[in-house]
Amino acid sequence: MPYSLLMHRQVSARTGLTGTHGGPLMRLGLALGYWGRGPGRDHLALATEAERLGYDSVWTAEAWGSDAFTPLTWIAAHTSRIRLGTAIAQMAARSPTATAMHALTLDHLSGGRMMLGLGLSGPQVVEGWYGRPFPASPLTATREYVDVIRQVLRREAPVLLDGRFHSHPYRGPDATGIGKALKPITHPLRADLPVLLGAEGPKNIAQTTRIADGWLPLYWSPARTDVYQASLTALPENFMIAPMARAEVCDDVAQGLLPVKAMLGFYIGGMGHAARNFHADLMARMGYAEEARRIQELFLAGRKEEAVLAVPDAFADEISLIGPRERIAERLDLWRGGPVTDLLLTAPDPRTLRVLAELNT
């Protein structure tokens with residue numbers, strides 16, 4: 001059976017939803033990202049409108065400014081049904097037990113709506129902003145982090161892990177030796193609170209399917225699902241694949257793609273070192289190796305506007321939903337034809353949210 005058809009059937013089984021078009025019905029989410037210079041003034045309005053329109057989830061993020069959990073708590077207080085996710089919370093920002101505390105607290109306050117999306121980030125951010133060493137074995141560090149969180153949420157026994165990166169109790173050379181294994185005072189609302197991971201490398205993605213409840217791809221092209229084929233061969237039941245995509249209903253496609261190109265220029269060019277940039281590596285695996293190198297060169301040379309313009313329109317277009325309603329409707333069918341269960345939209349206005357909700361029926 002062709003890979004695309006197999007994935008099409010699996011997503012129907014995993015969401016349990018079928019649209020009027022006869023294919024699987026992706027759940028829609030609203031991805032708000034992190035703040036820029038200040039609070040996103042329209043974030044709460046967009047979140048409440050998304051809930052009114054029947055969106056399944058709303059997601060916040062963090063980098064080196066606003067945190068992911070506080071805005072999500074604010075949104076939780078003003079909504080009643082929509083699920084709440086972090087896409088993503090940085091692992092380096094908190095110990096795994098502290099992250100678990102955030103998640104179980106918000107899960108209680110929201111009545112069981114919390115989803116915990118985590119990401120490792122890269123060396124520049126981890127060491128430059130969070131002041132921590134980037135793990136020599138990212139897969140091991142991620143696996144241990146998730147293990148600790150699962151132990152906290154299960155609350156079956158005190159947290160114990162003789163880990164390479166996350167030991168509980170701590171047993172480092174500077175330890176006092178009197179650390180005590182503990183379990184949370186507060187009883188978690190759900191032991192099975194969903195944990196999702198932002199993974200980019202093939203081995204990291206494959207591990208994600210084994211240890212997490214879902215995957216948060218950074219860039220997803222419905223025309224290039226084979227890029228991930230080897231990593232997605234055995235998906236667990238109800239496993240979420242939830243990529244983010246810019247969406248905007250507009251007449252001028254080229255103009256609508258500019259925010260996508262600006263994002264790509266920043267991530268490919270500036271969100272990482274010239275010799276170690278996971279985002280640039282991903283773009284290369286998706287067929288744009290030469291273009292990724294050029295974007296990096298321009299951005300790191302201080303020619304940021306040129307770096308943005310160097311982003312191929314074709315790449316920006318295939319990972320987003322931009323243009324008139326009819327064009328978006330046609331392209332949305334491509335997204336529904338693969339393994340995506342949840343499409344997380346970064347949408348700038350209520351009209352775009354409404355149009356996508358109408359088309360995804």
Side-chain angles (χ1 to χ4, degrees), residues 2-4 6-11 13-15 26-27 29 31 59 61 85-92 96 115-123 125-126 134-147 149-150 165 194-245 264 267-268 271-272 276-289 292 315 318-319 334-335 337-344:
Y3 176 70
S4 59
L6 175 63
M7 292 292 98
H8 184 77
R9 292 186 179 179
Q10 285 186 359
V11 72
R14 284 185 282 123
T15 63
M26 293 184 302
R27 294 178 292 248
W59 303 74
T86 55
I88 57 175
Q90 303 274 356
M91 295 186 204
M115 295 180 288
L116 181 61
L118 300 168
L120 195 59
S121 193
V125 176
V126 172
F134 188 77
S137 177
L139 270 70
T140 301
T142 299
R143 188 167 58 250
E144 292 178 1
Y145 201 101
V146 173
D147 185 353
I149 288 174
R150 299 286 201 197
F165 301 99
V195 176
L196 299 90
L197 296 174
E200 295 182 57
K203 292 181 180 179
N204 201 351
I205 297 169
Q207 175 175 268
T208 297
T209 66
R210 297 191 297 270
I211 68 172
D213 302 297
W215 172 40
L216 296 160
L218 180 60
Y219 311 133
W220 181 272
S221 169
R224 301 175 190 268
T225 56
D226 287 353
V227 171
Y228 304 109
Q229 179 174 355
S231 302
L232 302 176
T233 53
L235 295 179
E237 186 178 358
N238 298 321
F239 188 81
M240 294 174 62
I241 296 180
M244 282 179 276
L264 288 168
Y267 273 73
I268 302 301
M271 191 74 87
R276 195 169 187 183
N277 184 316
F278 303 133
H279 311 310
D281 293 344
L282 175 58
M283 184 177 176
R285 287 196 300 274
M286 295 179 76
Y288 294 92
F315 182 55
E318 66 184 84
I319 66 170
L334 296 175
W335 290 79
V340 173
T341 60
D342 297 75
L343 180 55
L344 313 184

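A quick note: this is a predicted structure, and the numbers were derived from the prediction, not measured.
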With no hydrogens and no angle check, is any side-chain donor or acceptor of [X] less than 3.5 Å from a backbone partner on [Y]?
| X | Y | answer |
| --- | --- | --- |
| Thr209 | Ala206 | yes |
| Thr86 | Gly117 | yes |
| Thr341 | Ile241 | yes |

Considering the options Leu216, Ile88, Asp342, which one meets the side chain to side chain contact (heavy atoms under 4.5 Å, CB included) requirement together with Trp59?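 Exactly one option meets the side chain to side chain contact (heavy atoms under 4.5 Å, CB included) with Trp59, and it is Leu216.
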Take the angle between the ring planes of Trp215 and Tyr228 and call it parallel below 30°, perpendicular above 60°, tilted in between. perpendicular
Between Tyr145 and Leu120, is a side chain to side chain contact (heavy atoms under 4.5 Å, CB included) present by the stated rule, with each step listed? CA-CA 10 Å; Tyr145 201 101; Leu120 195 59; over 6 Å; no
State the [atom1]-[atom2] distance between [X] and [Y], to the nearest 0.5 angstrom.
| X | Y | atom1 | atom2 | result |
| --- | --- | --- | --- | --- |
| Glu144 | Ser137 | CD | OG | 8.5 Å |
| Leu235 | Thr208 | CG | OG1 | 11.0 Å |
| Met240 | Met115 | CE | CE | 5.0 Å |
| Leu197 | Ile211 | CG | CD1 | 5.5 Å |

If I compare all heavy atoms of [X] with all of [Y], which pair ends up nearest, and what's the gap?
| X | Y | value |
| --- | --- | --- |
| Leu196 | Ala212 | CA-CB, 4.5 Å |
| Ala242 | Leu344 | O-CD1, 3.6 Å |
| Ala87 | Ala61 | O-CB, 3.3 Å |
| Ile149 | Pro96 | CG1-O, 3.5 Å |
| Ala230 | Thr233 | O-CG2, 3.6 Å |
| Ala292 | Ile268 | O-CG2, 3.9 Å |

Can you pull the salt bridge (charged side-chain N to carboxylate O under 4.0 Å, His left out) pairs that have at least one residue in residues 199-224, sequence neighbours excluded? Arg150-Asp213, Arg224-Glu318
So do the side chains of [X] and [Y] get within less than 4.5 Å of each other, counting heavy atoms only?
| X | Y | value |
| --- | --- | --- |
| Phe239 | Pro339 | no |
| Leu264 | Tyr219 | yes |
| Thr140 | Pro135 | no |
| Leu282 | Met286 | yes |

Go through the steps to decide whether Met283 and Tyr267 satisfy the test side chain to side chain contact (heavy atoms under 4.5 Å, CB included), and finish with yes or no. CA-CA 10 Å; Met283 184 177 176; Tyr267 273 73; over 6 Å; no
What pairs with Phe165 under ring-ring contact (aromatic ring centres under 6.0 Å, His included), at least two apart in sequence or on another chain? none
